[in-house]
Protein chains: 2
Amino acid sequence: MAEPLDPEMFDPVCPSSAMPIQIGDKWTAMVVLCLEGGRRRFNEIKGPLRGITPKVLTQTLRAMERDGLVTRTAHDENPPRVEYELTPLGRSLLTLIEATRAWSREHLPALLQARAAHDSTPDRSPPG
Amino acid sequence: MAEPLDPEMFDPVCPSSAMPIQIGDKWTAMVVLCLEGGRRRFNEIKGPLRGITPKVLTQTLRAMERDGLVTRTAHDENPPRVEYELTPLGRSLLTLIEATRAWSREHLPALLQARAAHDSTPDRSPPG
DNA sequence: CGGAATCCTCTTCGATACTG
DNA sequence: CAGTATCGAAGAGGATTCCG
């Protein structure tokens, strides 16, 4: 839980945006995975989430806190230090995330292939 | 596969909108469930999907067709008859949908309870 | 460091009306 | 019956800037 997060733990060219399954909001599942190994600080989570803005990460974490998925601990120090940790409820999502990953490994290529085939047929709406 | 769909197969007051898991777009999972028993016509699917407009159902079905989740068969008759059917790929989502249902049965009450508790604490942003 | 405030765009969903 | 066309509201997500 002390080792740093791999900045490339989420493949930038991964076709996950095509995945027909979503956990929470756009970043929720990735946040859960970032916290899988234990408590993390705000910017620690932000690292692998390439392109997320602090505002959106705050939104995501607040929503997760509201739903009892994470706990937020603000240490009264200077510089500030805030840590987020998965609750058991949040941890229960890991099973589901793994299920979606299993589905993707098994079926996402077929979906992508169907989509590409469909998009390359000129008798339907072309890619745009 | 010939028996009509139960118009109330989706509970109107079910808290599924709070579910942190989503398959495809808003209606995709429900369409899959409508087609679980076999081929269905456009307005047959539309029935249980209370409130969906034809435009949105068409969008949903087209997207699903593009991704190889359903097949569309237009019979050249009068009046028109169009039938939609799950592909094996679309059918593979049923497993995942059942997994999300299992998670919801087990954990959604806790999530809802955490949310209600959070919303009733005056030291945070109140319900809006 | 960990946000908050503001502004903006893009997509999604819905209401309504019309058509082959 | 099975859509299409058009309009509009809403919200998610992002860019930028500023603060304790």
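Side chains are part of it too, since the values below use all heavy atoms of this structure and drop only hydrogens, waters and symmetry mates. None of the values given here were measured: they were computed from a predicted structure. Note on naming: letters A, B, ... go to the chains in the order of the sequence lines (proteins, then strands), and numbering restarts at 1 for each one.
- Applying the 4.0 Å criterion to OP1 and OP2 of dC1(C), one finds that Arg41(A) has every side-chain N and O outside that range.
- For Leu93(B) against Pro20(A), the heavy-atom pair with the smallest separation is CD2-CG, 4.4 Å.
- Here dG2(C) presents its P atom at 9 Å from CD1 of Ile45(A), a figure rounded to the nearest Å.
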Return the polar atom pairs (N/O with N/O) between nucleotides 4-8 of chain D and the protein under 3.5 Å, or none.
{"from": "dT4(D)", "atom 1": "OP1", "to": "Arg62(B)", "atom 2": "NH2", "distance (Å)": "3.1"}

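- Atom CG in Leu57(A) sits about 15 Å away from atom C1' in dA12(D), given to the nearest Å.
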Apply side chain to side chain contact (heavy atoms under 4.5 Å, CB included) to Leu89(A) and Leu111(B), showing your working.
CA-CA 8 Å; Leu89(A) 183 58; Leu111(B) 186 151; 4.0 Å; yes

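- Listed in residue order, the members of residues 19-31 of chain A having a heavy atom less than 4.0 Å from DNA chain D are Asp25(A), Lys26(A), Trp27(A).
- Contact between the side-chain N/O atoms of Arg81(A) and the OP1/OP2 oxygens of dG3(C) is not found at any separation under 4.0 Å.
- Ile45(A) approaches Leu35(A) most closely through the heavy-atom pair CD1-CD2, 3.8 Å.
- Legend: side-chain hydrogen bond (donor to acceptor under 3.5 Å, both in side chains) pairs involving residues 94-107 of chain B, not counting sequence neighbours, sorted by first then second residue: Ser92(A)-Trp103(B), Glu98(B)-Arg105(B).
- Side-chain proximity of Pro79(B) to dG2(C), dC1(D), dA15(C): nearest is dC1(D).
- Identified under the side-chain hydrogen bond (donor to acceptor under 3.5 Å, both in side chains) test for residues 14-37 of chain B, with sequence neighbours left out: none.
- Glu65(B) and Arg72(B) get closest at one heavy-atom pair: OE2-CB, 3.7 Å.
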Check against side chain to side chain contact (heavy atoms under 4.5 Å, CB included), Leu96(B) and Leu96(A)
CA-CA 9 Å; Leu96(B) 215 41; Leu96(A) 216 41; 5.8 Å; no

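- In terms of heavy-atom proximity, Leu49(B) sits nearest to Phe10(B) at CD1-CE1, 3.5 Å.
- With hydrogens and angles disregarded, a donor-acceptor distance shorter than 3.5 Å links the side chain of Arg50(B) to the backbone of Pro7(B).
- Here the shortest heavy-atom pairing between Arg115(A) and Ala18(A) reads NH1-CB, 3.8 Å.
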Expected rows: protein N/O vs nucleotides 9-11 of chain D N/O, under 3.5 Å:
none

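- Residue Arg72(B) has its side chain nearest to dA2(D) when only dG2(C), dG13(D), dA2(D) are considered.
- Summarising the geometry, the separation between CG on Asn78(B) and P on dA2(D) is reported as 12 Å, rounded to the nearest angstrom.
- Rounded to whole Å, atom C1' of dG3(D) lies 20 Å from atom CZ of Arg40(B).
- Taking atom NE2 of residue His75(B) and atom P of nucleotide dA2(D), one finds them 10 Å apart after rounding to whole Å.
- Distances from the side chain of Phe42(A) to the nucleotides dG2(C), dA15(D), dC13(C) place dG2(C) closest.
- Comparing dT16(D), dG20(D), dG3(C) by their closest approach to the side chain of Tyr84(A) singles out dG3(C).
- Ile52(A) has its CD1 atom 14 Å from the P atom of dA12(D), to the nearest Å.
- In this structure, the NZ atom of Lys46(A) is 15 Å from the C1' atom of dA4(C), given to the nearest Å.
- Nearest heavy-atom pair, Ala117(A) versus Ser120(A), reported as atom, atom and distance to 0.1 Å: O-OG, 3.0 Å.
- For the salt bridge (charged side-chain N to carboxylate O under 4.0 Å, His left out) test, residues two or more places apart in sequence or in another chain that qualify with Arg81(A) are Glu77(A), Glu83(A).
- We find that CG of Asn43(A) is positioned 9 Å from P of dG3(C), with the value rounded to whole Å.
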